[in-house]
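Structure first, then comments.
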Amino acid sequence: MSTPLTPGPAKKSLGQHFLFDPSILSRVANAGGSVKGKTVIEVGPGPGGLTRALLDSGVGKLIAIELDDRFAEGLSLWPEVREGRLHVHHGDALAANIPELIAAAGGASPAMIVANLPYNVATPMLVEWLKAPAWRGTMVLMFQKEVALRICAAADEDHYGRLAVLSQAVTRPRLAITLPPGAFRPPPKVDSTVVVLDPLPDHERFNDLAGMETVTAAAFGQRRKMLRAALKTLPGAVDALTTSGIDPTRRAETLTQQDFRALTAAWRATR
Ligand code: SAM
């Protein structure tokens, strides 16, 4: 059986902080429920600790996307590649055509995503995946703890902002496992937290995520201002406050998920 590869020096530019403790890795692999028989995308397998845990937990097809040549090459030698259970894609996960990778691997949709993400690109990756309903199932993602809190926060809470509104428009996120810096090699500066994001059923999803991105960018761009001032930068948005029945003297951080849905729909109707 192949074991995690011995890494060379970690590359800071690629956000490399590795996990090697099998009990932690098994908890992360299964934090979103059983992966048995499922198709799973792992972004940034690195030396393969989480990859090993996923394979040992019975994943059906594992598609591992890695940018660092050393790890992509090492992982392609694992026996599970020959057996057709592990598919290594050498490249940038942000540029990868994931539906194509799933089809090429003979995998099934929806596919789970399980990853200890490179922190420098974790947020853009999440936002990209939130917009991709056709193939995406439950996501189990490790972030800096502060980012995890931002994903799960509710209106009026300290960490509430764009990331919470967008994440909760299409998923139900929850904090699952928090790890101290010492759990990683090399250790990062801050705690890390696994967030599990279960997709909302179709009838509960908000379908205009692009519109919500635009509206939340304007609303939270000047979060301390009243909405009637903050939204002036976005044509149609101040009128949309009135049509959606939202008091224009409120601040963005007080608007709930339902408020942002109503505001986005009203703004879209002005376009
Ligand atoms: N999964 C491993 C673990 O838990 O030990 C490694 C996690 S490490 C935090 C992040 C990994 O993502 C690194 O292996 C890094 O090379 C890879 N990576 C960074 N940017 C990437 C990108 N844009 N696309 C794919 N992989 C990337």
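Ligands are counted one by one from 1 in listed order, and the atoms in each one are counted from 1 as well.
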Ligand 1 and His17, any nitrogen or oxygen pair closer than 3.5 angstrom? no
Between Arg268 and Asp208, is the closest basic N to carboxylate O distance under 4.0 Å? yes
To check your reading of the model: name the closest protein heavy atom to atom 4 (O) of ligand 1, its residue, and the distance in Å. Asn116 ND2, 2.8 Å
For Ile65, the atoms of ligand 1 under 4.0 Å from one of its heavy atoms are 25 (C), 26 (N)
Does the residue Met125 have a heavy-atom contact with ligand 1, meaning some pair of atoms that are separated by less than 4.0 Å? yes
Look at atom 2 (C) of ligand 1 and say which protein heavy atom is nearest, naming residue and atom and giving the distance to 0.1 Å. Pro45 O, 3.2 Å
If you measure from each non-hydrogen atom of Arg70 to ligand 1, which part falls under 4.0 Å: side chain, backbone, both or neither? neither
Heavy-atom contact under 4.0 Å between Leu117 and ligand 1? yes
Which of the numbered atoms in ligand 1 are under 4.0 angstrom from any heavy atom belonging to Gly91? 24 (N), 25 (C)
If you measure every N/O of Asp68 against every N/O of ligand 1, is any gap under 3.5 Å? no
Subset of ligand 1 atoms that lie under 4.0 Å from at least one heavy atom of Asp92: 22 (C), 23 (N), 24 (N)
Using the rule given for side chain to side chain donor-acceptor pair (under 3.5 Å), can you reason through Tyr119 versus Ser192, listing the C-alpha separation, both sets of side-chain angles and the distance that settles it, and then say yes or no? CA-CA 10 Å; Tyr119 291 151; Ser192 302; 2.3 Å; yes
So between Ala10, Ala53, Ala115, Pro118, whose heavy atom ends up nearest atom 18 (N) of ligand 1? Pro118
Which residue and heavy atom of the protein sit nearest atom 6 (C) of ligand 1, plus the separation: Gly44 O, 3.3 Å
At under 4.0 Å between heavy atoms, what of Glu42 touches ligand 1? The answer is side chain
Is the count of non-hydrogen atoms from other residues, nucleotides or ligands lying under 6.0 Å from Asp158 atom CG greater than 12? no
Polar-atom distance check: Ala93 versus ligand 1, any N or O pair below 3.5 Å? yes
Distance filter under 4.0 Å to Glu66 heavy atoms, resulting ligand 1 atoms: 13 (C), 14 (O), 15 (C), 16 (O), 17 (C), 26 (N)
Who's the nearest protein heavy-atom neighbour of atom 27 (C) of ligand 1, and how far? Leu67 CB, 3.9 Å
If I compare all heavy atoms of Tyr160 with all of Asp156, which pair ends up nearest, and what's the gap? CD2-N, 4.0 Å
Quick one: which of Gly15, Pro47, Ala122 has a heavy atom closest to atom 8 (S) of ligand 1? Gly15
Between Leu130 and Arg136, what is the shortest heavy-atom contact and its length? O-NH2, 3.6 Å
Note: Thr39 and Ala108 closest approach over all heavy atoms is OG1-N, 2.8 Å
Please round to the nearest 0.5 Å and tell me the distance separating atom CZ of Arg70 and atom CD of Glu73. 10.5 Å
Glu80/Arg52 salt bridge by N-O under 4.0 Å criterion: yes
Considering residues, nucleotides and ligands other than Lys232, do more than 12 of their heavy atoms fall under 6.0 Å from its NZ? no
Top protein contact for atom 19 (C) of ligand 1, by heavy-atom distance: Leu14 O, 3.2 Å
Does Thr214 use its side chain to pair, donor to acceptor, with the backbone of Ala210 at less than 3.5 Å? yes
Side chain or backbone, does Leu19 bring an N or O within less than 3.5 Å of an N or O on ligand 1? yes
Contacting atoms of ligand 1, where contact means under 4.0 angstrom from a heavy atom of Gly46: 14 (O)
With a cut-off of 3.5 Å and sequence neighbours excluded, list every side-chain donor-acceptor pair involving residues 241-249.
| residue | atom | partner | partner atom | Å |
| --- | --- | --- | --- | --- |
| Thr243 | OG1 | Asp239 | O | 3.3 |
| Thr243 | OG1 | Ala240 | O | 3.2 |
| Ser244 | OG | Ala240 | O | 2.7 |
| Ser244 | OG | Leu241 | O | 3.3 |
| Asp247 | OD1 | Thr249 | N | 2.9 |
| Asp247 | OD1 | Thr249 | OG1 | 2.9 |
| Asp247 | OD2 | Thr249 | OG1 | 3.2 |

Where's the contact between Leu25 and ligand 1, heavy-atom distance under 4.0 Å: side chain, backbone, both or neither? neither
With clusters defined by side-chain heavy atoms of hydrophobic residues (ILVMFWY) lying less than 4.5 Å apart, directly or transitively, does Leu175 cluster with Leu200? no
In terms of side-chain heavy atoms, does Arg261 have a donor or acceptor partner in Gln257 at a distance below 3.5 Å? yes
